[in-house]
2 protein chains.
Amino acid sequence: MKISEVADRTGLSVTTIRYYEKSGLCAAIARGPDGKRRFSKNDLDWLTLLFSLRETGMPAAEMQDFAALYLKGSATIPERKARLAAHDRRLDERQAQLDRCKALLAYKLARYAEIMGELA
Amino acid sequence: MKISEVADRTGLSVTTIRYYEKSGLCAAIARGPDGKRRFSKNDLDWLTLLFSLRETGMPAAEMQDFAALYLKGSATIPERKARLAAHDRRLDERQAQLDRCKALLAYKLARYAEIMGELA
DNA sequence: CGCTTGACCTGAAGTGACTTCACGTCGGTA
DNA sequence: TACCGACGTGAAGTCACTTCAGGTCAAGCG
């Protein structure tokens, strides 16, 4: 699969994918005879996961750790499972942030509506 | 109110608060005779809102715009209301991201559990 | 009383995660 | 033949802070 296709499917940009490869967030991608990257299904799945983790606020350092575990092979699966579980808990905190912000926005919007009513 | 107190209450760091003042995300803060910042209730409320908006992913440029409107006074309330409403819609998208990530994590965790079972 | 400690101040430089730039290669297509 | 768009590279730029270097001042203490 070509890099542009992977970008479309994962949500990462082409340059970010190259950056991820260079910085070790994913394994070196296989190259075709023309020197261009050819992504496997595994590569795609991995990048899709990375996108989702980044999008939901996994710290970069943690992503690096997690990637290092992935690159070490299946022996690290228990540890990886723990990391993902930890992120899952963080998602709950994120959820709470969203809820708090929603409540604050609801309050502010009501206040604004009130003020606009008085001015009208 | 002192800057350290505002930091504690809003969740922003002391340096971030100073940075926000310098970059126009909040109005110039009043100073005491000793030259130190003295925050009003309004300042605190405003910074609390900024923290919540930042935490939930409002783009920085948009925060700048929003702050500029705030600094222009109450005539901009309808516009500010629209901006907050837009952010509220973004929160729904954020919510969807969290849900998608949760689903992906649930899948991965189940897969890992399965693999660990096979190895055991 | 001098001395340290801690909270505050400032402008400037550093950081991290990308993004953009400048430039080059290659396989089509008009 | 000339140009296009997708791909490649290394280096420099950006953004939102954070850290650094250096200073003021009030309070506590041996």
Side-chain angles (χ1 to χ4, degrees), chain A residues 1-40 43-44 46-68 70 87 90 97 101, chain B residues 1-40 43-44 46-68 70 87 90 94 97:
Chain A
M1 192 180 302
K2 299 187 303 174
I3 195 167
S4 57
E5 209 173 336
V6 175
D8 282 351
R9 293 213 205 179
T10 58
L12 295 165
S13 75
V14 167
T15 51
T16 301
I17 294 168
R18 288 200 278 249
Y19 167 73
Y20 277 10
E21 184 187 11
K22 189 151 48 169
S23 60
L25 274 168
C26 65
I29 304 299
R31 302 297 178 113
D34 54 0
K36 296 183 179 179
R37 293 174 182 81
R38 292 294 145 76
F39 295 78
S40 69
D43 296 332
L44 179 66
W46 176 247
L47 290 168
T48 301
L49 178 58
L50 286 189
F51 173 74
S52 199
L53 294 176
R54 183 193 70 170
E55 180 181 64
T56 55
M58 177 177 280
E62 216 166 299
M63 271 178 60
Q64 290 284 352
D65 282 0
F66 185 65
Y70 175 65
H87 187 61
R90 177 154 40 219
Q97 289 174 355
C101 189
Chain B
M1 191 179 304
K2 299 186 303 176
I3 194 167
S4 57
E5 210 173 335
V6 174
D8 283 350
R9 294 213 204 178
T10 58
L12 296 164
S13 75
V14 167
T15 51
T16 301
I17 294 169
R18 289 201 275 251
Y19 166 74
Y20 277 12
E21 182 186 12
K22 189 150 48 169
S23 60
L25 273 167
C26 65
I29 305 297
R31 302 299 178 109
D34 53 1
K36 296 181 180 178
R37 293 174 181 80
R38 293 294 146 75
F39 294 78
S40 68
D43 295 332
L44 179 66
W46 175 246
L47 289 168
T48 300
L49 177 58
L50 286 189
F51 173 74
S52 199
L53 294 176
R54 184 195 68 171
E55 181 180 62
T56 55
M58 178 179 279
E62 215 165 299
M63 271 179 59
Q64 289 285 353
D65 281 0
F66 185 64
Y70 176 65
H87 187 61
R90 177 155 39 217
R94 280 278 201 230
Q97 289 173 354

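Keep in mind that what you see is a predicted model, and the values were worked out from it rather than measured.
- For the pair B:S13 and B:T16, the tightest heavy-atom approach, listed with the atom from each and the gap, is OG-OG1, 2.7 Å.
- Side-chain atoms of B:R37 and B:I17, non-hydrogen and from C-beta on, never get closer than 4.5 Å to each other.
- Between A:Q97 and B:T56, the closest heavy-atom pair is O-CG2, 4.0 Å.
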**Message:** Please encode protein proximity along nucleotides 9-26 of chain C as a string of B, S and -, counting only heavy-atom distances under 4.0 Å.
**Reply:** SB------BBSB------

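- In terms of the side chain to side chain contact (heavy atoms under 4.5 Å, CB included) criterion, residue partners of B:E62 (sequence neighbours excluded) are, by chain and number, B:M58, B:P59, B:R90.
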With a 3.5 Å cut-off and sequence neighbours excluded, list the donor-acceptor pairs that the side chains of residues 46-53 of chain A form with protein atoms.
{"residue": "A:W46", "atom": "NE1", "partner": "A:L25", "partner atom": "O", "Å": "2.8"}
{"residue": "A:T48", "atom": "OG1", "partner": "A:L44", "partner atom": "O", "Å": "2.7"}

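- Heavy-atom contacts of chain A under 4.0 Å fall on DNA chain D between two terminal nucleotides, which in 5' to 3' order are D:dC7 to D:dT9.
- With a cut-off of 3.5 Å on both pairing distances, the Watson-Crick and G-U wobble pairs of DNA chain D assemble into stems of 3 or more at C:1-30 with D:1-30.
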Acceptor/donor pairs from residues 2-9 of chain A side chains to any protein atom, 3.5 angstrom cut, sequence neighbours excluded:
{"residue": "A:E5", "atom": "OE2", "partner": "A:R9", "partner atom": "NH2", "Å": "3.4"}

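- A distance-only check finds a donor-acceptor pair linking the side chain of B:E21 to the backbone of B:I29 [under 3.5 Å].
- Residue B:R31 holds its CZ atom at 10.0 Å from CZ of B:R38, rounded to the nearest 0.5 Å.
- The shortest heavy-atom contact between A:G24 and A:A67 is O-CB, 3.9 Å.
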